[in-house]
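Let me begin by presenting the structure, written as structure tokens, before commenting on it.
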Protein chains: 2
Amino acid sequence: MYVTIKDIAEKLGLSKSTVSRALSGDYLNVSQETVDRVVEAAARMGYKRNELAVNLRKRKSMAVGILVPELQTAFYSRFIAEAQSLLQKNGYRTIIALSNEDTTWEKSSFGLLSDYRVDGILISVCHNRANIEDYSDLNGKQIPLVFFDRTIEDLPCSSVRSDEQKAVLSLMDHLIARGRRRIVHMAGPDYIRNASDRYVAYQSVLTQHGLAFDPELVVKAGLYRPDGFREISSLLRSGLFFDAVVCFNEMQALGCIEALQAAGIRVPEDVSVASMYGTEVSSLVHPSITSIEKSVLRMAEEAVRLILRQIANPMAPPSEVVIPSDVVIRESS
Amino acid sequence: MYVTIKDIAEKLGLSKSTVSRALSGDYLNVSQETVDRVVEAAARMGYKRNELAVNLRKRKSMAVGILVPELQTAFYSRFIAEAQSLLQKNGYRTIIALSNEDTTWEKSSFGLLSDYRVDGILISVCHNRANIEDYSDLNGKQIPLVFFDRTIEDLPCSSVRSDEQKAVLSLMDHLIARGRRRIVHMAGPDYIRNASDRYVAYQSVLTQHGLAFDPELVVKAGLYRPDGFREISSLLRSGLFFDAVVCFNEMQALGCIEALQAAGIRVPEDVSVASMYGTEVSSLVHPSITSIEKSVLRMAEEAVRLILRQIANPMAPPSEVVIPSDVVIRESS
DNA sequence: TATTTTCCCGGAAACGATTCCGGGAACGGT
DNA sequence: ACCGTTCCCGGAATCGTTTCCGGGAAAATA
């Protein structure tokens with residue numbers, strides 16, 4: 001079915017070794033004439049290298065995997081595009097795999113990547129994860145890992161994330177400057193590093209500004225639109241006073257705004273809403289949502305740099321890179 | 001580094017063959033006791049099958065590739081999720097690859113997939129494609145192909161697409177029922193089957209309803225937000241009268257609406273806007289956009305069904321599946 | 001001319017699995 | 001006691017490639 005190196009060798013009366021050398025550009029050990037003949041024959045016969053065999057033999061693949069939880073969020077699709085193009089410049093190909101925010105899927109996708117013996121993996125962990133044991137398993141496979149965006153604590157791996165602390169700081173500074181005093185913090189799952197970082201920052205900003213910390217203003221919510229809607233609705237029913245909300249993400253913020261508007265509360269006149277990390281959707285909806293912009297490009301650059309370093313020297317100590325991000329003020333605040 | 005079948009064999013004093021059989025569940029040719037020993041040892045030693053070797057030996061990979069132009073559009077990310085889960089149910093894994101709407105990328109991604117000897121590929125072609133020759137090349141590789149959503153004409157491959165004709169029909173029926181008479185048709189690139197289908201349908205609907213066909217109402221536009229904005233702006237400047245616009249996609253529609261509103265024209269009171277194929281963004285923006293909903297699930301189902309059939313029997317004649325889609329009426333019309 | 005170096009190339013062993021083939025042991029039937 | 005089955009298992013080939021090793025011929029040096 002496929003034409004192999006052996007076919008070429010037989011047709012040309014050469015050995016497999018020579019053909020392989022000619023094709024791989026080992027110009028020291030094969031005459032120019034032979035190279036020409038082989039290359040010509042290969043092209044004519046429609047030869048295509050079997051990467052499976054190459055990888056098996058070389059025990060590596062010149063490919064890195066990118067494992068993301070989902071693709072709906074523009075951040076991930078952009079990251080993939082950027083990282084892919086950077087990796088390609090360095091001679092690496094990419095295999096994209098999904099975890100669908102699910103532990104089992106994640107494991108199986110990781111399996112796919114390691115089965116194909118990728119030389120490294122860029123991974124953003126899925127949300128509904130119970131423990132980090134599996135990740136140390138993954139890490140135990142000796143395959144270079146770089147966590148990005150959603151990172152895991154206490155794992156001796158390199159990671160790239162955005163500066164959650166500073167992001168929260170800027171966002172809250174902005175709100176406080178607008179005269180807001182009672183700011184609701186919608187927390188995310190706390191095994192995600194980002195989430196805990198934000199929570200810490202939230203508290204420290206309050207004390208910095210001499211504002212009281214009210215635990216009732218901290219609500220744990222799911223990550224999607226209905227979650228935001230539900231939490232804010234129940235908060236409103238409870239009669240608690242608040243004048244601003246900082247959400248975990250855009251969709252949550254959307255739900256918040258809908259809940260507020262449904263209750264006849266004006267945004268941003270009565271209550272300001274802001275989102276950590278928004279995509280273009282933030283600017284499309286009405287009112288458009290004040291949010292933090294992650295620098296996809298820089299994160300991709302760092303992640304690629306780190307994985308390449310790790311591949312080149314697996315013993316290199318892991319490093320954590322933190323990327324600053326900007327707050328974009330829009331109508332909702 | 002990795003523990004192999006040979007390691008297990010040596011540790012247990014068995015041959016590689018026996019270990020392989022025990023592990024692959026060939027219970028006829030190996031005693032239960034040996035199976036148990038092998039399985040136990042494999043688990044204890046952390047054995048992981050090298051799929052590369054298996055695929056090399058079996059000459060197939062039990063993997064199918066999904067090649068999409070981009071991931072920003074929710075349609076593709078959803079399609080991938082659906083198709084992936086269906087394929088998994090059938091024992092296939094998936095490799096996702098991107099073309100980034102670029103011919104060169106597409107070729108290289110296709111190369112990646114065929115290098116890895118995937119058993120089949122689901123592909124949605126990229127837009128800025130000059131000719132279809134490359135696709136016949138791809139087809140010549142003897143690897144089963146199924147085109148989905150964006151299909152190519154005149155290629156002996158199976159394909160799955162939505163019913164553009166009927167979609168245009170429903171959308172225009174709706175607009176005409178609303179009293180619209182001069183409907184602008186924003187055309188897409190005509191080498192894409194979807195686009196030409198729509199154009200034909202546009203014309204036939206007009207004659208069906210006894211409306212005049214005005215070539216000036218047909219504008220060729222790019223596929224993104226600024227394109228919609230630009231085209232409608234220039235149309236407005238030209239002074240041509242129209243009371244409705246049917247866009248190629250959601251982003252284009254968004255641009256249209258912005259252009260109209262910028263000119264002080266009300267949507268939908270003065271001009272209705274509708275989009276072929278919208279995602280949730282259509283429902284989030286204000287005014288929300290009337291659009292056609294493609295049935296991602298059904299398309300994924302059909303695509304997977306076709307590729308599996310083609311893999312099982314490469315000689316099976318190609319078939320074209322057309323999937324109906326629904327019009328969702330929102331504020332913009 | 002004899003010896004060393006250089007230049008190409010072939011043979012063979014890997015890489016890690018599957019699978020065909022055949023053979024020894026145990027077992028039942030005559 | 002002999003033969004035919006059945007049950008397990010090992011040996012070896014195979015998938016397509018790379019790469020180490022070594023060898024023969026030509027070229028360069030002594």
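Lettering of chains follows the sequences in order, A, B, ..., and the numbering in each one begins at 1. Quick caveat: nothing in here was measured; it's all calculated off a predicted structure.
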- Message: Each nucleotide in nucleotides 16-24 of chain D should get exactly one letter: B, S or -. Can you fill that in based on protein heavy atoms under 4.0 Å?
- Response: BBBBB----
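To the nearest angstrom, P of C/dA25 lies 19 Å from CG of B/N29. One can place CG of B/D26 at 14 Å from C1' of D/dG10, the figure rounded to the nearest angstrom. Atom-to-atom, OH of A/Y27 to P of C/dC7 comes out at 17 Å; the value is rounded to the nearest Å. Atom P of nucleotide C/dG10 and atom CG of A/L12 are separated by 10 Å, given to the nearest angstrom. One atom, OH of A/Y116, and another, P of C/dG16, lie 17 Å apart when rounded to the nearest Å.
Five base pairs at each end of the helix from C/dT1-D/dA30 to C/dT30-D/dA1 define two local axes, and these are offset by 60° (rounded to 10°).
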Show me the donor-acceptor pairs, under 3.5 Å and distance only, between side chains in residues 83-91 of chain B and residues at least two apart or in other chains.
from	atom 1	to	atom 2	distance (Å)
B/Q84	NE2	B/T94	OG1	2.8
B/N90	ND2	B/L86	O	3.0

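When heavy atoms are screened at a 4.0 angstrom cut-off, B/L52 is found touching no nucleic acid atom at all.
Under the salt bridge (charged side-chain N to carboxylate O under 4.0 Å, His left out) criterion, A/E302 pairs with A/R298, A/R305, sequence neighbours left out. Every side-chain hydrogen bond (donor to acceptor under 3.5 Å, both in side chains) that B/S31 has, sequence neighbours left out, goes to B/T34. Applying the salt bridge (charged side-chain N to carboxylate O under 4.0 Å, His left out) criterion to B/R59, with sequence neighbours excluded, gives no partner residue.
Applying the salt bridge (Lys or Arg N to Asp or Glu O under 4.0 Å) definition to pairs two or more places apart or across chains, those involving residues 312-323 of chain A are A/R161-A/E320. Among residues at least two apart or in separate chains, salt bridge (Lys or Arg N to Asp or Glu O under 4.0 Å) pairs with a member in residues 60-86 of chain B are B/R78-B/E280. The list of salt bridge (Lys or Arg N to Asp or Glu O under 4.0 Å) pairs with a residue in residues 16-40 of chain A, not counting sequence neighbours, reads A/E40-A/R44.
Side chain to side chain, A/R309 and A/S319 meet the donor-acceptor criterion of an N or O pair below 3.5 Å.
Between A/T34 and the phosphate of C/dC8, there is no side-chain N or O to OP1/OP2 separation shorter than 4.0 Å.
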